[in-house]
Amino acid sequence: MARLVIVSNRVSPLRDSGPMAGGLAVALQEAIKRRELLWFGWSGETSDRREPRFASAGNTTNALIDLTATEHRLYYTGFCNGMLWPLLHYRFGLAQFRRQEEEGWRAVNHRFAEQLMPLLREDDTIWIHDFHLFPLAAALRALGATQKIGFFLHVPFPPPALFAALPRAAALLDDLGAIDLIGVQTADDARHLSDALAERGLSTPVGVFPVGINAEAFARAAEAAAARKDARRFQESLVGRQLIFGVDRLDYSKGLPQRVLGFADLLKRYPQHRGKVTFLQAAPISRGEVAQYRMLRREMDELVGRINGEFAEVDWVPLRWTTRPIQRRTLAGFLRIARIALVTPLRDGMNLVAKEFVAAQPPEDPGVLIISHFAGAAREMEGAIKVNPNDPDEIAEALDLALNMPLAERKERWKQDFDKLVAVGASGWSRDFLARLNQTEFHENC
């Protein structure tokens, strides 16, 4: 079987494996366990070192390159986080375009291509991941690469009229013409991207390949995690109260202010729940150097303090808030303990936490998933309660519905979603994408 070459902004450490691994590593497990893999990307470190470093384990080799401080500022902090991320999440009002950053982003992609090319074999299959590397396939083609190149966009893609607001958007779309197959999470994303490409006269195929999880393995891991000392200590601290749980990166796309306001509305409008529920919102800090994220943290700190000041009793704090990271194993235990998972992003590519919550739940007494209409997982989780995350009152009503839901209905909703997760599995995403990529012809756009 031909070697698979994965290219992503960050490279997963070789030690990450099993149901407790997160992100791209766990999604790719099924694709890579039976074939040789080269995984190429940024090391996460800044230095003036130009040559890649290599590390190997089993059939996997990681090739890591450092960025200079200037490259990191222009490529990652600047264009990726300051322009592309808000644009792709429909938040153009937060986007900041600086031509120097766009040029620095392209320069880093060109450097990726230059340093990857000598490592490639003629029969490799190349799979590029996410918006950081939109121009990489075109850069590789310009250097003579003829291998099959696939690309997967893990975040949403906005309607063409919104995407066109990006300066030099046409050049970015032209870059995507060098790709043999583009994968996205939802049908909406596929339609938007296909329409944008068509407006440029490009015929790059775009397919829908939603990322799944190994639900049965995660269920076993969550059951074991819930029996660990840290999870038991946390459950004891609830003193019999039902747990509402939210876990997201600290990001403006996640709808965190609206979420906690929805919880406050629950306590105002449905006072019978006071003293009987606890809401834990974990939001580990990411991109703390970006001004919008610092502002969001201040806003959340103030909201949480105000809500607790209004509703707390001497023996009950309704809203627990932490920006510290939670270990994956601990998170799995918390997901099993929770009665409600509150997953209400304003816009999200998939959101695997929603699927992990369903997988983690005890079949004899499952909880309820509340999910935003605008999370990719909402298309698959038909048993969930779906809400518009922009409406705190609707969130409050969904919370009251979930807290009062009879056991029989909870079981029915949970089984519907759990059975679907098991049927789809974790391997379908990568297997189906790579199978279709291998069937594609080298198209005229290249």
Side-chain angles (χ1 to χ4, degrees), residues 8-10 12 16-31 88-89 129-131 152-156 183-186 189 208-222 225 245-251 253-256 259 281-284 286 325-336 338 340-361 367 369-384 386 389 414 417-433:
S8 57
N9 173 57
R10 293 292 301 273
S12 177
D16 281 1
S17 62
M20 289 299 99
L24 187 55
V26 68
L28 285 169
Q29 279 180 17
E30 294 297 322
L88 295 170
H89 288 84
H129 288 267
D130 233 356
F131 63 97
F152 196 88
L153 182 63
H154 292 264
V155 300
V184 294
Q185 302 273 21
T186 73
D189 298 329
V208 180
F209 304 90
V211 176
I213 66 170
N214 187 330
E216 292 170 308
F218 194 87
R220 291 190 296 269
F245 188 32
V247 56
D248 313 79
R249 286 185 305 102
L250 184 62
D251 191 283
S253 69
K254 303 301 183 181
L256 297 176
R259 188 181 305 174
Q281 175 61 58
S286 67
I326 299 177
Q327 292 185 352
R328 286 278 298 170
R329 192 176 303 278
T330 302
L331 172 63
F334 288 6
L335 286 170
R336 187 167 182 90
I340 296 170
L342 201 49
V343 183
T344 55
L346 303 180
R347 188 69 57 173
D348 220 342
M350 175 51 63
N351 199 303
L352 291 180
V353 169
K355 296 183 176 183
E356 289 171 345
F357 169 76
V358 171
Q361 287 298 290
L369 172 64
I370 299 175
I371 193 168
S372 162
H373 287 291
F374 309 121
R379 280 76 171 174
E380 300 174 80
M381 299 292 94
E382 296 178 0
K386 298 182 175 67
W414 170 82
D417 289 343
F418 184 78
D419 288 350
K420 185 166 188 176
L421 291 177
V422 171
V424 173
S427 61
W429 167 68
S430 55
R431 182 192 62 234
D432 294 349
F433 181 91

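Residues: numbered from 1 along the sequence shown.
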With sequence neighbours excluded, tell me which residues meet salt bridge (charged side-chain N to carboxylate O under 4.0 Å, His left out) with D417. none

On a heavy-atom basis, the closest approach of K355 and G212 is NZ-CA, 4.0 Å

Side chains of D248 and V353 in contact at under 4.5 Å (non-hydrogen atoms): no

Results of side-chain contact (heavy atoms from CB on, under 4.5 Å) for Q327 - residues two or more places apart only: T330

Separation between CD (E380) and OG1 (T186), nearest 0.5 Å, reads 10.0 Å

Measure the shortest side-chain to side-chain distance between H89 and K254 over non-hydrogen atoms and say whether it is less than 4.5 angstrom. no

Search all heavy atoms of A360 against all heavy atoms of A332 and return the closest pair with its distance. CB-O, 4.3 Å

Are L88 and F131 packed together at the side-chain level, in the sense that at least one heavy-atom pair is separated by less than 4.5 angstrom? yes

Which residues share a side-chain hydrogen bond (donor to acceptor under 3.5 Å, both in side chains) with E382, sequence neighbours left out: Q416

Does any non-hydrogen side-chain atom of D419 lie less than 4.5 Å from one of L421? no

Just do the side chain to side chain contact (heavy atoms under 4.5 Å, CB included) check on D130 and N9 with the steps written out, would you? CA-CA 8 Å; D130 233 356; N9 173 57; over 6 Å; no

Measuring from F218:CZ to R220:CZ, what's the distance to the nearest 0.5 Å? 12.0 Å

Looking only at non-hydrogen atoms, find the nearest pair between A282 and I326 and report the distance. CB-CD1, 3.5 Å

Polar side-chain atom of Q185 near backbone of P156 as donor-acceptor pair, under 3.5 Å: no

List in chain and number order the residues that pass salt bridge (charged side-chain N to carboxylate O under 4.0 Å, His left out) with R10, two or more places apart in sequence or in another chain; answer none if no residue qualifies. none

Within this structure, what is the CD1-CE distance for the pair I371 and M381, rounded to the nearest 0.5 Å? 7.5 Å

With sequence neighbours left out, what residues match V424 under side-chain contact (heavy atoms from CB on, under 4.5 Å)? K420

Test item: side-chain donor near acceptor, R259 and Q281, under 3.5 Å: yes

Would a distance-only check, ignoring hydrogens and angles, find a side-chain to backbone donor-acceptor pair under 3.5 Å from R336 to A222? no

What I'd like to find out is whether the side chain of V184 reaches to under 4.5 Å of the side chain of F209, using heavy atoms alone. no

Taking only residues two or more places apart in sequence, or in another chain, which ones meet D189 in a salt bridge (charged side-chain N to carboxylate O under 4.0 Å, His left out)? none

Where A225 and G333 come nearest, the two heavy atoms and their spacing: CB-N, 3.6 Å

Does the side chain of D348 come within less than 4.5 Å of F374's, by heavy atoms? no

Is there a side-chain contact between P345 and S253 (heavy atoms, below 4.5 Å)? no

Parallel, tilted or perpendicular, as decided by the 30° and 60° cut-offs, for the rings of F245 and F334: perpendicular

Taken to the nearest 0.5 Å, the spacing of L342 CG from F357 CZ works out to 10.0 Å

W414 side chain to G367 backbone, donor-acceptor under 3.5 Å: no

If we ignore hydrogens and angles and just use 3.5 Å, is the side chain of E356 paired with the main-chain N or O of N351 as donor and acceptor? no

For the residue pair K386 and I370, establish whether any side-chain heavy-atom pair is separated by less than 4.5 Å. no

